[in-house]
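Okay, structure first, notes after.
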Number of protein chains: 2
Amino acid sequence: MTGLRSSQVADAAGVNLQTLRYYERRGLLAEPERSLGGHRLYPAEAVTVLKVIKAAQRLGFTLDEVAELLDTAGHRHGRRDAGLQERSKAKLAEVEAKIADLQVIASTLRAAVEAGCDDLVACAGRPCCPIPFATIAPGAPDADSR
Amino acid sequence: MTGLRSSQVADAAGVNLQTLRYYERRGLLAEPERSLGGHRLYPAEAVTVLKVIKAAQRLGFTLDEVAELLDTAGHRHGRRDAGLQERSKAKLAEVEAKIADLQVIASTLRAAVEAGCDDLVACAGRPCCPIPFATIAPGAPDADSR
DNA sequence: GGTAAGCCTGTACCCGAGTACCGGATGCAA
DNA sequence: TTGCATCCGGTACTCGGGTACAGGCTTACC
């Protein structure tokens with residue numbers, strides 16, 4: 001009947017205490033056992049799950065996506081509906097697109113630094129400015145989300 | 001006394017009408033002239049400023065940073081306090097760090113796809129999993145902000 | 001049994017960058 | 001002068017991922 005208390009789990013996973021309950025509300029973390037007085041008692045696996053969540057977030061998945069991932073992983077009996085495999089591939093493509101996008105941005109910044117321009121508005125008026133105002137903005141409006 | 005109306009400016013810059021007023025509130029866009037009835041009448045430069053804002057955002061600057069940039073650019077008389085030059089260099093470093101970070105993420109995802117792992121939680125338990133749960137999470141907690 | 005630390009629920013707030021909606025006033029052309 | 005499009009200010013809401021606080025109960029140790 002013993003288990004880890006919430007603060008132990010939070011500390012072990014390097015996560016705020018409130019975050020545990022937030023994840024529970026969001027359905028990412030299963031509701032744990034309770035003590036007689038109502039305190040949460042987590043199994044040791046909870047720490048693993050938290051680490052997995054954090055790693056997945058770091059890999060670019062949103063909490064909703066992580067929830068789905070954990071969900072399909074859990075009761076994957078028979079048919080497999082676009083599991084980790086497919087989603088990882090898709091996410092990889094997203095990340096690669098974002099890298100490409102940031103590389104455009106980096107080279108633009110580099111050009112701006114090298115050209116020595118120092119006043120954006122003044123610069124934008126004349127064609128000597130290396131910053132492609134027209135083309136840079138509509139580039140990838142949602143490549144920035146996530 | 002004539003000038004562009006707000007919707008004309010918004011359309012020309014490819015921006016929502018509300019965004020104009022939002023930028024005005026945030027101090028990014030100077031308060032324009034008004035008609036007798038109180039309608040805003042913008043000079044043509046406003047469109048340029050908006051495009052600059054959008055480009056700068058795209059380059060990774062936050063609206064606060066853009067505001068500062070426009071501010072220092074405006075009344076730069078005598079001393080120059082870390083102008084576009086310095087900030088661009090710093091931002092370039094940030095962007096490069098972010099690219100490096102995303103490359104780690106991409107290669108991790110690639111490894112996960114190649115290893116064919118399909119259940120994060122089960123995988124995390126055994127050492128065959130290519131995902132470095134311990135090291136990936138605390139990698140760069142703020143490289144993700146912006 | 002006392003006391004302090006820890007945990008409970010619920011609610012509200014934070015960040016950044018907008019967007020939406022409301023009732024009322026204005027601009028402009030016919 | 002009438003009518004419709006546009007604009008006004010103000011407020012509230014969105015999204016994603018948490019964080020903070022208040023007031024009260026539980027647990028653990030002495």
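In what follows, chains are A, B, ... by sequence order, proteins preceding strands, each numbered from 1. Note that the structure is a prediction, hence the values are computed from the model and not measured.
In this structure, CG of A:Leu50 is placed 14 Å from C1' of D:dG18, rounded to the nearest angstrom. Spacing between atom CG of B:Leu20 and atom C1' of C:dA20 amounts to 16 Å, rounded to whole angstrom units. Following rounding to the nearest Å, A:Leu4 (CG) and C:dG6 (C1') show an atom-to-atom distance of 15 Å. Here the C1' atom of nucleotide C:dC15 and the CZ atom of B:Arg26 are 11 Å apart, to the nearest Å. The interatomic distance linking A:Glu24 (CD) with D:dT19 (C1') rounds to 17 Å, in whole Å. As a whole-Å value, the separation of A:Glu65 CD from D:dC15 P is 16 Å. Going from atom CG of A:Leu17 over to atom P of D:dG17 covers 20 Å, rounded to whole Å. Look at CD1 on B:Ile53: it is 13 Å from C1' on C:dG18, rounded to the nearest Å.
The side-chain hydrogen bond (donor to acceptor under 3.5 Å, both in side chains) check on B:Gln8 picks up nothing, with sequence neighbours excluded. Looking at residues two or more places apart in sequence or on another chain, you find a side-chain contact (heavy atoms from CB on, under 4.5 Å) between B:Glu24 and B:Glu31, B:Pro32, B:Arg34, B:Arg40, B:Tyr42.
Between A:Arg58 and B:Asp101 there is a salt bridge, since a side-chain N of the basic residue sits under 4.0 Å from a carboxylate O of the acidic one.
Partner of A:Val66 under the side chain to side chain contact (heavy atoms under 4.5 Å, CB included) criterion, chosen from A:Val49, A:Ile53, A:Val52: A:Ile53.
A close approach under 4.0 Å does not occur between any side-chain nitrogen or oxygen of B:Thr19 and OP1 or OP2 of C:dA17. For D:dC8, one of the phosphate oxygens OP1 or OP2 lies less than 4.0 angstrom from a side-chain nitrogen or oxygen of B:Ser6. For A:Lys54 and D:dG18, the shortest distance from a side-chain N or O to OP1 or OP2 is below 4.0 Å. Taking only side-chain nitrogens and oxygens, B:Asn16 never comes nearer than 4.0 Å to OP1 or OP2 of C:dG18.
For A:Tyr23 and B:Tyr42, each mapped to the nucleotide of DNA chain D holding its nearest heavy atom, the one lying further toward the 5' end belongs to B:Tyr42. Between A:Arg25 and A:Gln8, the residue anchored closer to the 5' end of DNA chain C is A:Gln8, taking for each the nucleotide with the nearest heavy atom.
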All N/O donor-acceptor pairs, side-chain side in residues 14-22 of chain A, below 3.5 Å, sequence neighbours left out:
| from | atom 1 | to | atom 2 | distance (Å) |
| --- | --- | --- | --- | --- |
| A:Asn16 | OD1 | A:Gln18 | N | 2.8 |
| A:Gln18 | OE1 | A:Arg21 | NH2 | 3.1 |
| A:Tyr22 | OH | A:Arg26 | NH1 | 2.9 |

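Here the nucleotide nearest the side chain of B:Arg40, chosen from D:dC8, C:dA17, D:dG17, is D:dC8. The side chain of A:Arg34 sits closest to C:dC8 out of C:dA17, C:dC8, D:dT19.
Within the 4.5 Å cutoff, the side chain of B:Leu28 has heavy atoms near those of the B:Leu70 side chain.
In this structure, the separation between CZ on B:Arg110 and NZ on A:Lys89 is 13.5 Å, given to the nearest 0.5 Å.
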Contact pattern, 5' to 3', of nucleotides 22-30 of chain C - B, S or - by protein heavy atom under 4.0 Å: ----SS---
